[in-house]
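Report on the following structure.
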There are 2 protein chains.
Amino acid sequence: MEIITYKEILSQPDIWGNIINNSDFIEKKVIEIKKECPLNSFYLVGCGTSYFLSLSGAWVLQKFLKKRAAGLTASDVYFFPESYKNSEKLDSTIFIISRSGTTTETVRVVETLKRQGHTSVYAICCRPESELVREVRHSFVIEEADEKSVVMTRSFTSMLLLIKYISGFCSGNQQLIKELSKLPILGRTIINHYNDLIEKFVNDLKISRFVFLGQGPFYGLAAESGLKIKEMSLSISEAYQTLEYRHGPMSMVGSEVLIVFLMSERSIPEEKKLLLEMKKLGAHTFVICDRADKEIKENSDFIVEIQSGISEYARLILYMPITQLLGFYQARYKGLDPDNPKNLSQVVQIN
Amino acid sequence: MEIITYKEILSQPDIWGNIINNSDFIEKKVIEIKKECPLNSFYLVGCGTSYFLSLSGAWVLQKFLKKRAAGLTASDVYFFPESYKNSEKLDSTIFIISRSGTTTETVRVVETLKRQGHTSVYAICCRPESELVREVRHSFVIEEADEKSVVMTRSFTSMLLLIKYISGFCSGNQQLIKELSKLPILGRTIINHYNDLIEKFVNDLKISRFVFLGQGPFYGLAAESGLKIKEMSLSISEAYQTLEYRHGPMSMVGSEVLIVFLMSERSIPEEKKLLLEMKKLGAHTFVICDRADKEIKENSDFIVEIQSGISEYARLILYMPITQLLGFYQARYKGLDPDNPKNLSQVVQIN
């Protein structure tokens, strides 16, 4: 196929491979930052896809660095300084995330922080010549993850992989660094194995609504997956922390809904209970997990077993090509062009 | 009408009045807690409506106490201890929120925290005899806000009002305390003025999808409003931080959508720009704000002016009866019984 978004989705394992091969540049930056910054607590700030990335990224940082971390929208930071100014000291480390480095809200946040004398502000970005990169002291730029498509796919997983590396180098966690090096081969295997199967599943299913469920670090992935469905296929989608689905939203479950479970290691027994209940209520079900038992398999209309054997924080990004392909094939099934999403542009800039 | 949910929505100003009249009991508890707890940082934990309450509540606490605060789902806290254990010290103050005090995930969290020796854990609840209340050292119980309905309405606004009082007493902010005392009269005036108008608007509009937008402390209200629509009227709804809507979700805007703007003071100029853009793209629009200018009025299909003259954090809860009535009348328009939401029960308990 000659579709840009499709090519970019499929290219992800190669881009991850590049990042891994050049990970010493990440390590060097981390060493420099550690010299000037106490790394006591973190905020990650972004818009849209980069905001959902900031949610999962915050989980990764707090897991490995054992410091408080939170994801925030750039607009909340800009309008409500109480979101990050909790004391007289400006001692939080702030990562600003943006593919283009020119999103209006993001640039405004950096300017505001600079004016306040906040020095430990760093950029995660795909464009080295951008305003964002110019405004901060240190930037992590992954140029090869940039995209021609409006819809962000490989830039999301690549910038999340970068945050995993930052966490690994900051904390000196060699086990994590070792596990990350396995991602390109695992990613390629999963894409090759499931690509055609997902296309067939979507075409046969003819579904109109999607729900993505993920707990903890998987929630940001669920929200980002829901956004891919909206952007590419103009289908209704929602995302929740898995067990939250019982607390109200499941009033609307039924056979017109596909529920996609992004299962984690620690919550899988409880997530399985919900899967069985939703199947009974008539929902279609799609499960992504590392390994599924018999009951999970019997209650899934589609099952993806990652079979990575690596820890759940290390393998997070492997879930994304699957849900991106779901959005892509749903768009094709509806006769839409994923390269030209309705109403959207590559960068949001407000006059 | 003899509908329980409707009565409970309309009773809110009276319940708020009770809380205000008995606010010295809140002040006494706060004094006791301040003796035993450093109040350095906060987590608010809940499920469903109580989770959305924890999001807005965290903004209130960090605004007035100038300390870091975050809302978390009980399931994330239970499965992923890294969500709140950032260091060896267990020195965060944790508020557990639950109408019933018997929700499975919530009770599990309290048991876990207790086992870890975490002492500064407090309950916000509507039932004095509940498991949650028994397990913690101090509880804030608002029995009069409890509900017969499955759907939470007055318990949400009342527990949020309680958090405003806790913030006011903790910080000694007399201005806030004074403003809160105006809420019952303001609430009664708004309900009386808009109740029938909302019914007529919903019946004439015949809409199928709702989007709720709110920035900062208003986002939790937007999410809770979306949940009311789902629970009562089985209609599609979404919620975003206002400016996030441009970053992807607006691919699906159109004349079948009603966008409800919960406008704040500080973001209103930017929110207005989005309102005008969405109107141009064909959306129906519904604005709630303190005072609207000519352009906002011209671009709103329905406008609610609160005209409170009080600060935005003080007036937060006044927005809720409006969106609750939207959900209620949408249910009636669709011939549904808001007292009997599909698939839901009053308390979620997992075996």
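- Using a 4.5 Å cut-off between heavy atoms, A:E312 contacts chain B through its side chain alone, with no backbone atom that close.
- With respect to A:R246 and B:E105, no salt bridge is recorded, no charged nitrogen being found less than 4.0 Å from a carboxylate O.
- Residue contact with chain B, scored on non-hydrogen atoms closer than 4.5 Å, is absent for A:V150.
- Ranked by heavy-atom pairs under 4.5 Å with chain A, the first of B:P341, B:S264, B:P217 is B:P217.
- In this structure, the portion of A:S235 lying under 4.5 Å from any heavy atom of chain B is its backbone and not its side chain.
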Check: Passes side-chain contact (heavy atoms from CB on, under 4.5 Å), B:R209 versus A:I236? Steps please.
Finding: CA-CA 10 Å; B:R209 273 174 53 211; A:I236 305 282; 3.5 Å; yes
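- When each of A:V151, A:L227, A:L243, A:V253 is scored by its heavy-atom pairs under 4.5 Å with chain B, the top score falls to A:L243.
- Heavy-atom distances place both the backbone and the side chain of A:P249 under 4.5 Å from chain B.
- Contacts from residues 50-62 of chain A to chain B, taken as heavy-atom pairs separated by less than 4.5 Å, involve A:Y51, A:W59, A:Q62 in sequence order.
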Notebook entry, point to check: Would B:M250 and A:E231 satisfy side-chain contact (heavy atoms from CB on, under 4.5 Å), going step by step from the backbone distance to the final call?
Noted result: CA-CA 9 Å; B:M250 80 162 178; A:E231 290 177 332; over 6 Å; no
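- A:G46 and B:E244 make their closest contact through O-OE2, 4.2 Å (heavy atoms, listed as atom of the first residue, atom of the second, distance).
- Interface remark: of the candidates B:K342, B:Q215, B:Q241, B:Q215 forms the most heavy-atom pairs closer than 4.5 Å to chain A.
- Remark: A:D76 CG to B:F218 CZ distance equals 11.5 Å, nearest 0.5 Å.
- Salt bridge annotation for A:R108-B:E270: present, with a cationic side-chain nitrogen under 4.0 angstrom from a carboxylate oxygen.
- Partners of A:Y245 under the ring-ring contact (aromatic ring centres under 6.0 Å, His included) rule, at least two apart in sequence or in another chain, are A:Y240.
- Residue contact with chain B, scored on non-hydrogen atoms closer than 4.5 Å, involves the side chain of A:L281 exclusively.
- By the 4.5 Å heavy-atom criterion applied to side chains, A:K230 and B:E238 are counted as neighbours.
- When each of A:S83, A:S237, A:G226 is checked for heavy-atom pairs under 4.5 Å with chain B, A:S83 comes out on top.
- By the ring-ring contact (aromatic ring centres under 6.0 Å, His included) test, B:Y219 is found to be paired with no residue, residues two or more places apart in sequence or in another chain being considered.
- The pair A:R266-B:E82 counts as a salt bridge, with a side-chain nitrogen and a carboxylate oxygen less than 4.0 angstrom apart.
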Item checked: Working for side-chain contact (heavy atoms from CB on, under 4.5 Å), residues A:L274 and B:I350 -> CA-CA 10 Å; A:L274 184 70; B:I350 311 166; over 6 Å; no
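- Annotation for B:K85: atom NZ does not count as buried by contact number, only 12 or fewer foreign heavy atoms lying within 6.0 Å.
- Taking A:G216, A:S251, A:S75, A:S41 one by one and counting their heavy-atom pairs under 4.5 Å with chain B, the maximum is reached by A:S251.
- Relative to the ring axis of B:Y43, A:R68 places its NZ or CZ within 45° and under 6.0 Å from the centre.
- Among residues two or more places apart in sequence or in another chain, the ring-ring contact (aromatic ring centres under 6.0 Å, His included) test is passed with A:F64 by A:Y313.
- One distance of note links CE of A:M252 with CD1 of B:I229; it measures 10.5 Å at 0.5 Å rounding.
- Interface residue A:K273: only side-chain heavy atoms are found under 4.5 Å from chain B.
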